Number of protein chains: 2
Amino acid sequence: MPRNGNSSQDRVIDPTDTKSKILDAAEELFMEHGFEATSLRLITTAAGVNLAAVNYHFGSKEELFQAVLTRRLDPMNQDRMQLLSAYESASNGKPLTCEKILAAMFIPALKLARDHQQGGKNFLRLLGRAYADPAPFIREFLSSQYREMIARFRSAFSFALPHIPREELSWRLHFVMGALSYTLAGADMLKIISQIHPEEATNDELLLKRLAPFLAAGLRSPSPAEDGGHHLFQET
Amino acid sequence: MPRNGNSSQDRVIDPTDTKSKILDAAEELFMEHGFEATSLRLITTAAGVNLAAVNYHFGSKEELFQAVLTRRLDPMNQDRMQLLSAYESASNGKPLTCEKILAAMFIPALKLARDHQQGGKNFLRLLGRAYADPAPFIREFLSSQYREMIARFRSAFSFALPHIPREELSWRLHFVMGALSYTLAGADMLKIISQIHPEEATNDELLLKRLAPFLAAGLRSPSPAEDGGHHLFQET
DNA sequence: GCTCAATTGAAACGACCGTTTGAATTTACG
DNA sequence: CGTAAATTCAAACGGTCGTTTCAATTGAGC
């Protein structure tokens with residue numbers, strides 16, 4: 001009895017085996033109902049497998065959730081870092097533009113959103129929910145999954161924007177991640193905020209072509225320490 | 001038997017009555033565990049009231065959740081619109097700056113975060129979770145709560161930035177809402193993204209003094225239609 | 001073909017869920 | 001004070017939950 005294991009595919013991935021069927025069904029159902037509200041019975045019924053298969057292959061519901069996240073999140077963040085390295089190698093030691101660094105963040109996310117016709121979009125919504133979940137096992141998992149990639153991109157931005165203090169840059173990177181994840185995950189909020197035509201709202205590439213310039217302008221803006229001392233939050 | 005009702009306090013709010021005790025406990029527990037994972041038994045035990053009191057005073061668990069949201073969200077959005085109107089009245093028909101409009105959005109949220117020492121922060125985190133929840137009853141509720149406020153602020157930005165096409169502005173307003181809600185709600189994500197000192201991360205006012213200039217720069221940036229045709233998402 | 005481990009299967013475990021019921025209690029008021 | 005409405009209470013309703021157990025089945029290597 002393996003009881004878990006095979007954490008980073010020791011064998012080839014077979015989309016018809018029990019583990020993959022569970023992961024596919026869990027991804028869609030976790031996205032739709034959240035972690036706590038999705039029962040293992042719902043997942044195993046949708047996957048066409050026995051209820052006990054989840055505990056046999058993944059150990060527990062929490063470990064299944066982590067497996068669902070890591071299956072796509074880990075490759076996506078690896079892609080981001082590889083793409084960033086490729087851009088840097090091609091620049092001959094010159095700093096990259098903010099747009100270029102943002103492209104290294106966005107393109108792998110876009111690829112994920114497009115690749116698996118429904119799975120990709122489902123996963124990004126699931127990720128958006130996980131960001132807002134305070135459950136310790138989720139937060140610690142996301143932290144470990146993101147730490148390396150975030151450090152890598154902060155260095156790149158620091159090199160591209162040497163006049164921005166490192167701490168200010170950490171904040172701006174936080175804002176970038178917020179707008180990106182919110183935009184990729186919360187398509188439904190668009191219907192609240194605007195009367196944007198639905199057929200356009202589904203075009204993620206166009207969306208990010210609008211988001212990247214928006215964020216690049218914010219990243220390049222003067223550091224608050226050198227803006228002449230505006231007093232924004234003074235009433236009247 | 002009233003069976004619900006009293007939707008916008010017909011009587012004075014008494015922080016020691018059963019309804020308020022339930023709302024306070026529910027706000028904290030919904031924030032911590034999410035809607036589905038928070039049981040009415042947990043809420044009523046924490047509030048020190050009988051289990052049946054929720055169904056008696058609010059009708060159902062879903063209606064209790066909406067009552068928790070509307071108690072603070074509705075006043076906050078009213079404050080935002082009143083503040084925006086006050087700024088506009090003081091400007092003698094001249095367009096407001098982006099920073100000023102953003103201040104009208106941020107200040108009421110900041111007031112909420114500070115007012116109720118723990119309740120305020122709890123509520124904003126709860127709101128962040130609700131944004132990412134696809135449950136129809138949550139999405140429809142948020143949509144109805146935000147529609148008027150969003151329309152009001154889109155008009156203000158449209159007046160302040162007449163050269164930005166209205167559709168582009170809708171997208172940028174979406175990005176603003178995303179970065180703001182993500183920032184206000186997801187304080188824990190900061191620990192993932194940066195090594196920002198915790199004692200500073202809790203200072204929301206400083207946080208928004210960094211966020212507002214960042215977003216204002218993005219809002220003012222040239223419209224993509226007139227940026228000369230960059231090709232950001234061309235690989236290589 | 002036999003053996004033994006890997007996997008699947010059906011059933012049950014105790015626990016907790018949202019809601020309802022109807023009686024007991026408190027409150028408001030003529 | 002008496003009475004009718006509002007509120008609180010304990011208990012139970014039918015269900016669903018994650019997990020475990022153990023027998024049945026499968027599959028690979030000798």
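Remember, predicted model here, so these are calculated numbers, not experimental data. By convention in this document, chain letters (A, B, ...) are assigned in the order of the sequence lines, proteins followed by strands, and residues within each chain are numbered from 1.
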**Study point:** Test item: Thr44(B) side-chain N/O and Arg41(B) main-chain N/O as donor-acceptor pair under 3.5 Å
**Key:** yes
Exercise for review: Provide, to the nearest angstrom, the distance between the CG atom belonging to Asn55(A) and the P atom belonging to dA10(C).
Suggested key: 16 Å
Check your understanding: Roughly, in whole Å, what's the span from CG in Leu42(A) to P in dG15(D)?
Key -> 18 Å
Point to revise | Within the 6.0 Å centroid threshold, strictly below: Phe35(B) and Phe65(B) | key: yes
Review point. Can you check the Tyr56(A) OH to dA24(D) C1' distance for me, whole Å?
Key: 14 Å
Point to revise | Integer-rounded Å distance: dT20(D) C1' and Leu40(A) CG | key: 13 Å
Check your understanding: Are Ser60(B) and dG18(C) close enough that a side-chain N or O sits under 4.0 Å from OP1 or OP2?
Key -> no
Review point. Within this structure, what is the CD-to-C1' distance between Glu36(A) and dT16(D), rounded to whole angstrom?
Key: 15 Å
Practice item. Take the protein atom NE2 of His57(A) and the nucleotide atom P of dT7(C), then report the distance between them rounded to whole Å. Key: 6 Å
Review point. Under 6.0 Å from the CD atom of Gln78(B), do we count more than 12 heavy atoms belonging to anything else shown?
Key: yes
Review point. Okay, side chain of Arg80(A), backbone of Ala104(A): is any donor-acceptor separation there less than 3.5 Å?
Key: no
Practice item. Mind checking Ala53(A) for me? I need base, sugar-phosphate or nothing, with any heavy atom below 4.0 Å counting as a touch. Key: nothing
Review point. Taking only side-chain nitrogens and oxygens of Ser39(A), does any of them come within less than 4.0 Å of OP1 or OP2 of dC17(D)?
Key: yes
Practice item. Just call it for Thr44(A): base, sugar-phosphate, or nothing, with non-hydrogen atoms closer than 4.0 Å on any strand. Key: nothing
Study note, to complete from the structure: Here the distance between atom P of dA11(C) and atom CZ of Arg41(A), to the nearest Å, is 13 Å
Practice item. Round to a whole Å and report the spacing from CG of Leu51(B) to P of dT8(D). Key: 13 Å
Check your understanding: Side-chain N or O of Asn50(B) less than 4.0 angstrom from OP1 or OP2 on dA10(D)?
Key -> yes
